[in-house]
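Residues: numbered from 1 along the sequence shown.
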Amino acid sequence: MDQTESPVRHSPAARLHAVMLLISLCLPPGLQGCGSPPPGASADTAPKQSSASPQNEAAAKDLLTSAGSADTAGPASRIRFTPLPADRFPEIIPRRGEEAGYATILESLGSGAAAADLDRDGLPDALVAGGGSFEGKQPIGKPVYVLRNRRSHFSDHTLTAGLAEISLYHHGLAVADADNDGFPDLLVSGYGGVLYFRNQGDGTFIDETAAAGLRCPTWCSSAAWADFNRDGSLDLYVAGYVDWSFENDPPCFAADAVTRDNCSPKLFNPCPDFLLISQADGTWQDQTQAWGVRPDGKALGVVAADLDRDGWTDLYVGNDVMINFLYRNAGGQQFEDRSISSGAGVSSRGSPDASMGVDAADYDNDGRFDLWAANFEMESFALYRNQGSMMFRHISDEAGIAAVGAHYVGWGTGFGDFDLDGDEDLAVCNGNVVRFPQHSPAKQRMLLLENIEQAWFREATATAGQSLMQQVNGRGLALLDWNLDGRLDLLTTPVESPAVLLQNETPNQGQWLTLILSGTSSPRHPVGCIVELRTDQRTLLRQLKGGGSYASTHLPWLHFGLLADEQPLELTIHWPSGQRQTLDAGDINSVRSIQEPAADGRNEGIARKIQKNHNFD
């Protein structure tokens with residue numbers, strides 16, 4: 001697929017006209033929820049494949065295992081990763097139930113990962129979604145594995161944490177302090193709904209799904225916590241996928257027309273997304289329709305962030321074979337649908353992609369948060385540059401991404417400064433959705449895209465370590481700094497393969513600063529908080545986001561990399577409550593905790609509770 005465009009095609013006016021026309025032609029009518037298959041769907045029984053001409057499978061595999069020309073362009077990358085061995089990170093294998101022989105679309109989504117300081121000992125812990133299997137034709141859940149950081153290694157605390165018996169066949173782990181008590185809570189999303197586990201502060205979790213009123217009574221893939229109405233409590237956006245069931249399970253086959261394979265999402269209707277607004281009393285209320293949430297997506301990834309920097313947290317939703325949704329938060333009352341007008345809903349050609357993982361960051365350091373979506377093979381992974389006024393331009397071709405992304409099926413992903421040079425690089429886990437693909441292997445290697453001069457990305461996977469080149473069916477990805485050395489590590493969760501913690505061992509030629517932010521008027525977990533770090537050379541921008549990646553949660557600490565000769569001067573923190581705080585940058589190469597100043601009496605009771613019960617300072 002040729003991704004080259006003329007400059008005229010990139011103009012917002014031209015894009016808007018083209019996109020509106022194409023969407024009106026491409027999107028099928030009647031996609032109004034989780035219902036019966038669309039008319040004529042039973043006739044389309046082939047797994048999802050590209051319309052491009054078939055490639056030789058051996059040649060495709062060679063391409064996916066090679067370094068690629070981008071690896072040798074310019075000076076060699078310094079980024080290096082090495083997996084923690086089994087005696088330091090327990091072997092956990094996410095399951096999908098393929099031994100039952102059903103080959104359902106349910107099995108294609110896989111499992112996510114999460115990183116959080118669950119016990120507030122200052123060390124990031126890890127969680128792995130165990131996935132599920134089948135009893136007859138009943139999907140059942142596997143454990144959510146809890147791995148506690150013991151400084152030199154991780155230990156398995158799944159049984160004592162109370163997460164060994166999970167009834168839900170699940171994919172997503174959304175971690176945040178949902179009740180403002182100082183300890184991260186857990187939302188598990190999967191086939192048939194969500195489960196909410198409250199962290200009791202003693203190393204255990206308790207299921208409070210029913211009492212909290214949290215719901216998504218369909219197939220729920222991912223979720224994002226954020227305070228959309230700025231009342232000081234976290235709300236929840238839950239992404240719905242498609243209406244598959246064993247009663248709605250058309251036969252799909254591999255190229256030999258004999259072997260059963262996973263079906264395409266094109267054969268199913270979308271399940272609705274849900275917006276659940278906190279009532280600040282431990283319960284949430286369904287406000288999906290009141291806020292204008294669309295019912296016609298097939299969502300896999302979602303990220304919550306203040307994209308236009310107006311103080312209100314917005315949403316970007318990655319949909320499979322549908323346009324991506326972009327919602328602008330209109331003053332904490334409702335969402336404005338900017339999916340078409342923004343340019344961030346479609347490819348450079350104005351057509352929908354199949355998006356899985358998503359993220360947001362200021363990759364070019366212009367003070368605006370850009371968008372990223374990992375897409376299906378024969379499509380370009382999408383980098384959308386923020387033009388201001390909630391307008392975005394698809395720039396994957398000029399940023400050097402189109403050349404590599406078309407050969408992969410991307411899932412878990414995230415921006416992070418892996419080489420401590422001040423700009424944020426990209427990592428992507430890849431793996432096919434079908435078992436017998438024609439265009440690229442089922443198992444694929446990761447992608448590491450190094451940010452070059454805040455202008456373009458080069459692929460640096462091959463030189464980053466053999467572990468990134470391993471062929472697996474990748475899904476979840478969470479970023480964390482497990483050993484507090486200032487270098488971001490990668491927690492990956494492939495399908496039917498052991499979860500891997502990739503330790504960043506990049507030669508440390510830069511500096512770093514990590515911030516742990518705690519709200520008072522804002523939520524204790526202040527999603528949407530923006531921090532500017534002013535140095536003697538530039539100003540760097542980071543934001544605490546909700547969701548992101550695919551079915552995973554990155555460690556919610558803001559990480560800045562700096563050049564070796566760069567002097568940090570000042571921090572400016574824009575809290576979700578509207579407060580602005582300015583501080584000295586403090587010591588470099590350190591982890592720093594910062595609490596929002598109390599203001600106007602709002603949420604003072606919560607602030608005192610945190611200080612009294614959990615010795616927060």
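- One side chain, Ser355 or Asn375, offers a donor N or O that lies under 3.5 Å from an acceptor on the other.
- In summary, the side chains of Thr204 and Gln200 do present a donor paired with an acceptor at a separation below 3.5 Å, with no hydrogens or angles considered.
- Of the N and O atoms on the side chains of Thr514 and Arg592, not one donor lies less than 3.5 Å from an acceptor on the other residue.
- Rounded to the nearest 0.5 angstrom, Asn229 CG and Asp235 CG are separated by 4.5 Å.
- Residues that satisfy the ring pair (Phe, Tyr, Trp, His ring centres under 6.0 Å) test with Tyr169, not counting sequence neighbours, are Phe134, His171.
- A side-chain N or O of Glu107 and one of Thr104 form a donor-acceptor pair less than 3.5 Å apart.
- The two atoms that bring Val302 and Ala223 nearest to each other are CG1-C, 3.8 Å, heavy atoms only.
- Taking the six-membered ring where tryptophan is involved, the planes of Phe154 and Trp482 are tilted, since the angle between them lies from 30° to 60°.
- Annotation for Arg150: atom CZ counts as buried by contact number, over 12 foreign heavy atoms lying within 6.0 Å.
- Atom CG of residue Asp156 and atom CZ of residue Phe89 lie 9.5 Å apart, to the nearest 0.5 angstrom.
- Separation of atoms CZ (Phe369) and CD (Gln543) is listed at 4.5 Å; rounding is to 0.5 Å.
- Remark: of the listed residues Arg475, Lys142, Arg95, Arg95 is the sole one forming a salt bridge (Lys or Arg N to Asp or Glu O under 4.0 Å) with Glu496.
- Cys529 is linked by a disulfide bond (SG atoms under 2.5 Å apart) to nothing, counting only residues two or more places apart in sequence or in another chain.
- Among residues two or more places apart in sequence or in another chain, the salt bridge (charged side-chain N to carboxylate O under 4.0 Å, His left out) test is passed with Arg215 by Asp286.
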Decide ring pair (Phe, Tyr, Trp, His ring centres under 6.0 Å) for Tyr241 and Phe268; before the verdict, give the C-alpha distance in whole Å, the side-chain angles of both, and the deciding distance to 0.1 Å.
CA-CA 9 Å; Tyr241 192 44; Phe268 305 95; 8.6 Å; no
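- Closest non-hydrogen pair, Val527 versus Pro576, comes out as O-CG, 3.5 Å.
- The ring of Phe335 has its center closer than 6.0 angstrom to the ring center of Tyr327.
- Using modelled atom types and a 3.5 Å distance limit, the side chains of Tyr316 and Asn324 yield a donor-acceptor pair.
- With rounding to the nearest 0.5 angstrom, the CH2 atom of Trp575 is 4.5 Å from the CG atom of Leu517.
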